[in-house]
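Here's the structure we're looking at; comments come further down.
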Amino acid sequence: ESRSSIRLGLKLFNSLFDDDFQLEMLRTIHQAEKNSPDFFIYGNRLFDPEREFDGHRGIAYGGPDLSDRNLQVMTAFNQMADQQSGDMVRLPWSATGNITTGKMALEYALRGASSFQLHTYFQLPSDQYSMKAGSKIQKAVHELYFHPENGFVVWMLHLAKALGQPLGQCRFDEIVGQGDRIGLW
């Protein structure tokens, strides 16, 4: 069977329902059928119809509440998928939600995300980044990679050690989906 060069993905938002609903959505798109999407994007924004901000009721929001829920749901999904491995195909996915550090990006990677979508982090005022010269994008990327406590590089080194891989030779794709090896589930 030849495949088209067109790839079709699905963006799954957080629902107002509980985690079981989120898990059922994820399980459904991972069933080994020819009509499954090629990839999915997961977890952009929470919505609370009762929450108020700036005089508006019913708002979408992110931050630590969002990443906590996303990581919790994706950990539970991985546990479920490990138990049902025979009829479930693992789709590649892209993480969204409170990715403001390299460490957070790697938290998602350990749960299977092979790419990330950042938006809010690039909107911080320029003085919020350590690097003083360069464009806002250069400053943000520098911070994401090289922050001494939460940067991508320092956490890649930490994960290489935790996974028993030689320091300096660990590649990002060797981290993706390895959360079970370091005890996340």
Side-chain angles (χ1 to χ4, degrees), residues 6-125 128 136 140 143-144 150 152 155 172 175-185:
I6 296 173
R7 294 186 56 194
L8 182 62
L10 184 63
K11 188 169 191 175
L12 297 177
F13 289 87
N14 279 292
S15 72
L16 293 175
F17 305 113
D18 62 13
D19 291 356
D20 288 339
F21 183 85
Q22 295 297 116
L23 291 169
E24 182 60 22
M25 283 195 306
L26 289 165
R27 188 196 60 73
T28 299
I29 68 167
H30 284 84
Q31 294 304 307
E33 297 178 12
K34 68 178 187 177
N35 293 328
S36 294
D38 295 308
F39 65 93
F40 69 103
I41 302 162
Y42 185 73
N44 187 29
R45 297 285 178 216
L46 295 168
F47 180 76
D48 184 343
E50 302 301 319
R51 193 169 179 161
E52 291 187 36
F53 179 76
D54 203 20
H56 299 278
R57 172 171 255 164
I59 61 164
Y61 63 99
D65 291 342
L66 175 59
S67 55
D68 288 349
R69 182 171 196 210
N70 288 349
L71 295 172
Q72 175 182 310
V73 167
M74 292 311 297
T75 297
F77 173 74
N78 282 308
Q79 290 172 322
M80 179 179 70
D82 285 349
Q83 293 169 356
Q84 301 175 359
S85 60
D87 65 339
M88 196 171 290
V89 174
R90 301 275 181 114
L91 298 172
W93 66 283
S94 184
T96 66
N98 192 39
I99 302 173
T100 58
T101 65
K103 180 182 179 190
M104 182 58 71
L106 290 168
E107 289 282 357
Y108 281 108
L110 287 167
R111 290 157 178 87
S114 56
S115 65
F116 316 99
Q117 299 184 18
L118 294 86
H119 178 262
T120 307
Y121 190 66
F122 292 104
Q123 296 183 8
L124 295 175
Q128 297 295 304
K136 189 180 279 193
E143 192 89 7
L144 287 167
N150 295 310
F152 192 86
W155 279 95
F172 173 73
I175 298 295
V176 173
Q178 298 299 311
D180 61 332
R181 288 189 52 208
I182 62 168
L184 291 179
W185 65 88

Q.
For Asp19, give me all partners under salt bridge (Lys or Arg N to Asp or Glu O under 4.0 Å), at least two apart in sequence or on another chain.
A. Arg69
**Q.** Results of salt bridge (Lys or Arg N to Asp or Glu O under 4.0 Å) for Arg181 - residues two or more places apart only
**A.** none
Q: Output yes when Arg90 and Asp82 qualify as a salt bridge under the 4.0 Å nitrogen-oxygen rule, no when they do not.
A: yes
Q. Would you say the side chains of Asn98 and Asp65 form a donor-acceptor pair under 3.5 Å?
A. no
Q: Output all residues satisfying side-chain contact (heavy atoms from CB on, under 4.5 Å) with Phe116, sequence neighbours left out; order by chain, then residue number.
A: Ala95, Ile99, Ala105, Tyr108, Ala109, Ala113, Leu118, Phe172
Q.
My understanding is that only residues two or more places apart in sequence, or in another chain, count here; which of them pass side chain to side chain donor-acceptor pair (under 3.5 Å) with Ser15?
A. Gln22
Q.
Could you work out, with salt bridge (Lys or Arg N to Asp or Glu O under 4.0 Å) as the rule, every residue matching Glu143, not counting sequence neighbours?
A. none
Q.
Quick test of your reading: applying salt bridge (Lys or Arg N to Asp or Glu O under 4.0 Å), list the pairs with at least one residue in residues 53-63, sequence neighbours left out, ordered by first then second residue.
A. Glu50-Arg57, Glu52-Arg57
Q: Identify, with sequence neighbours excluded, every residue that meets side chain to side chain donor-acceptor pair (under 3.5 Å) alongside Gln117.
A: Ser94
Q.
Test of understanding: with side chain to side chain donor-acceptor pair (under 3.5 Å), list the residues that count as partners of Thr100, not counting sequence neighbours.
A. none
Q: Please work out whether the ring planes of Phe40 and Tyr42 are parallel, tilted or perpendicular, with thresholds of 30° and 60°.
A: perpendicular
Q | Pairs involving residues 109-125, ordered by first then second residue, that meet salt bridge (Lys or Arg N to Asp or Glu O under 4.0 Å) (sequence neighbours left out) | A | Glu107-Arg111
Q) For Arg45, what residues pass the side-chain contact (heavy atoms from CB on, under 4.5 Å) criterion, not counting sequence neighbours? A) Ala60, Thr120
(Q) With ring-ring contact (aromatic ring centres under 6.0 Å, His included) as the rule and sequence neighbours excluded, what pairs involving residues 43-82 come up? (A) His30-Phe77
Q. For Asp48, what residues pass the side chain to side chain donor-acceptor pair (under 3.5 Å) criterion, not counting sequence neighbours?
A. none
**Q.** Flag, side chain of Trp93 to backbone of Gly112, donor-acceptor distance under 3.5 Å
**A.** yes
(Q) Any donor-acceptor pair under 3.5 Å linking the side-chain atoms of Asn150 with those of Thr101? (A) no
